[in-house]
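Keep in mind that this is a model prediction, so the values were computed, not measured.
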Amino acid sequence: MSNIYYLPQGNEVELFEASAGMNLPVLIKGPTGCGKTRFIEYMGEKLNRDVYTVVCHDDLSAADLVGRHLIDENGTYWQDGPLTKAVREGGICYLDEIIEARKDTTVVLHSLADYRRVLPIDRTGELIEAHPDFMLVVSYNPGYQNVLKGMKPSTKQRFISLEFDYPEAEREKNIIIKESSIDEDTAKKLVSIAGDIRNLSDTDIQEAVSTRLLIYAAKLMVKGFDAYEACIHTIVQSLSDEDEVIEVLEKLIGLHFMRKV
């Protein structure tokens, strides 16, 4: 029984379990805050495998993943990076927002993401065969993808792909209630607010409101914060810095909580 709460949206649990059993790497794509990381943590606990999470960024180097030589009072020694540790000992290596990493960094994944399942370490001369319980998982947000940043087909075609989205309304309501202990009527209002914001097309909001932000708002309300103010501090201020957009969002939330703005 997992201690991490996750409410499946489809057959993603079965697909992930099957992929793990066949030593197949998995790619998860979906918008920010839709549950990708929570899902990986849930599956790590369900499969009894450690999860090594790496948040990818422009400055992430191959050494950050694989490892590097360090120096202490006894001299030089090698320290495994999270990828190498997972390969040696078993576990899920989860690379979050993989398209943010440099192309020369992701190349080290190729020999792990096909039939070879090996990790060559040039600096030590090792060729490590992956532990039977090693699993490579990567994720990205398609909304961030552009001509300059995108997964190369040669990389993407090495993975089983799962597509995530924000939960449908009833499921999202139940998630909010479970995570925050908010009452059902308020949870329904938060889901409705999220739906309205996600349907806005003529604003400068780069990201739709996530389920995570709705949970944050609900938690503040449970602690006694005014519902409207809780939404302002969790949803509105997190989505935009533009005065015009903030005004639109404030009015939208005001309608749901009977507040004139």
Side-chain angles (χ1 to χ4, degrees), residues 1-56 82-83 85-87 89-99 106 109-118 129-145 151 153-180 187 191 194-195 198 208 210-212 214-215:
M1 183 72 179
S2 176
N3 293 317
I4 297 175
Y5 178 70
Y6 177 78
L7 189 60
Q9 298 187 43
N11 64 346
E12 66 268 27
V13 172
E14 292 79 9
L15 274 169
F16 195 96
E17 285 182 315
S19 299
M22 295 184 288
N23 289 330
L24 297 175
V26 171
L27 181 155
I28 301 175
K29 52 185 177 179
T32 297
C34 69
K36 299 189 295 294
T37 299
R38 172 64 66 91
F39 172 66
I40 298 303
E41 293 172 347
Y42 171 80
M43 292 307 303
E45 190 172 279
K46 185 175 177 65
L47 296 172
N48 195 28
R49 300 191 189 186
D50 291 333
V51 178
Y52 300 85
T53 300
V54 179
V55 179
C56 298
L83 176 63
K85 192 172 179 62
V87 170
E89 302 175 9
I92 299 169
C93 185
Y94 173 46
L95 306 181
D96 188 18
E97 295 299 346
I98 185 68
I99 62 172
T106 56
L109 304 177
H110 283 192
S111 61
L112 284 169
D114 61 24
Y115 68 94
R116 292 171 289 178
R117 281 176 57 86
V118 296
E129 291 189 15
H131 188 282
D133 288 338
F134 168 74
M135 186 176 187
L136 178 63
V137 181
V138 302
S139 73
Y140 74 94
N141 179 351
Y144 288 157
Q145 198 167 7
M151 285 191 75
S154 60
T155 301
K156 188 181 293 187
Q157 291 182 22
R158 296 168 187 267
F159 292 83
I160 298 289
S161 293
L162 297 176
E163 186 166 8
F164 278 40
D165 204 345
Y166 299 117
E168 55 88 25
E170 182 69 15
R171 184 173 278 109
E172 190 163 44
K173 180 201 74 176
N174 290 334
I175 291 171
I176 294 168
I177 292 171
K178 174 68 176 180
E179 293 286 310
S180 69
V191 171
R198 290 166 187 164
S210 67
T211 305
R212 180 191 301 129
L214 302 181
I215 293 169

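Between V87 and Y52, every side-chain heavy-atom pair lies at or beyond the 4.5 Å cut-off. In this structure the side chain of Y94 never reaches within 4.5 angstrom of the side chain of V138, judged on heavy atoms. With a 4.5 Å cut-off on side-chain heavy atoms, M135 and N23 do not count as touching. When side chains are defined from C-beta on, L27 does not count as touching L162, because their heavy atoms never get closer than 4.5 Å. Residues D96 and T37 have side chains in contact (heavy-atom distance under 4.5 Å, counting atoms from C-beta outward). Within the 4.5 Å cutoff, the side chain of N3 has heavy atoms near those of the E45 side chain. Side-chain atoms of F134 and L112, non-hydrogen and from C-beta on, do get closer than 4.5 Å to each other. A heavy-atom distance below 4.5 Å is found between the side chains of K46 and V13.
Atom CG in D50 sits 9.0 Å away from atom CD1 in I92 (nearest 0.5 Å). Taking CG of L47 as the reference point, atom CD1 of I40 lies at 10.0 Å (rounded to 0.5 Å). Rounding to the nearest 0.5 Å places OG of S139 at 5.5 Å from CD of E97. Atom CD1 in I215 sits 7.0 Å away from atom OG in S180 (nearest 0.5 Å). Taken from CD in E12 to OH in Y42, the straight-line distance is 9.5 Å, to the nearest 0.5 Å. A distance of 7.0 Å separates CD1 in I99 from CG in N141, rounded to the nearest 0.5 Å.
Taking the centre of each ring, F16 and F39 come in below the 6.0 Å mark.
Between A86 and C93, the shortest heavy-atom contact is CB-CB, 4.0 Å. The minimum heavy-atom distance linking V51 with G44 is given by the pair CG2-CA, 3.8 Å. The two residues A208 and Y166 have their closest heavy-atom pair at O-OH, 3.5 Å. A pairwise comparison of heavy atoms in P142 and G30 identifies CD-N, 3.5 Å as the closest pair. Counting all heavy atoms, side chain and backbone alike, D133 lies closest to R49 at O-NH1, 2.9 Å.
A donor-acceptor distance shorter than 3.5 angstrom exists from the side chain of R117 to the backbone of H131, with no hydrogens or angles considered. Listed for the R38 side chain is no donor-acceptor partner under 3.5 Å among the backbone atoms of Y6. Looking only at distances, a side-chain donor or acceptor of N174 sits under 3.5 Å from a matching main-chain atom of E170.
Every residue meeting the side chain to side chain contact (heavy atoms under 4.5 Å, CB included) condition with P167, not counting sequence neighbours, appears here in chain and number order: Q9, R171, E172, I175, T211.
For the pair K36 and F164, the cation does not sit on the ring face, since its NZ or CZ is not both under 6.0 Å from the ring centre and inside 45° of the axis.
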- Message: Run V137 and I28 through side chain to side chain contact (heavy atoms under 4.5 Å, CB included) and show every step you take.
- Response: CA-CA 8 Å; V137 181; I28 301 175; 4.2 Å; yes
- Show your working on side chain to side chain contact (heavy atoms under 4.5 Å, CB included) between D165 and C34 and close with a plain yes or no. CA-CA 6 Å; D165 204 345; C34 69; 5.7 Å; no
- Should L95 and L109 be marked as a side chain to side chain contact (heavy atoms under 4.5 Å, CB included) after you check the CA-CA gap, both sets of side-chain angles, and the distance that decides it? CA-CA 10 Å; L95 306 181; L109 304 177; 3.6 Å; yes
- Begin with the C-alpha distance, continue with both residues' side-chain angles, and end with the deciding distance and a verdict on side chain to side chain contact (heavy atoms under 4.5 Å, CB included) for T32 and R212. CA-CA 9 Å; T32 297; R212 180 191 301 129; 4.1 Å; yes
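Other residues, nucleotides and ligands contribute at most 12 non-hydrogen atoms within 6.0 Å of the CD atom of E129.
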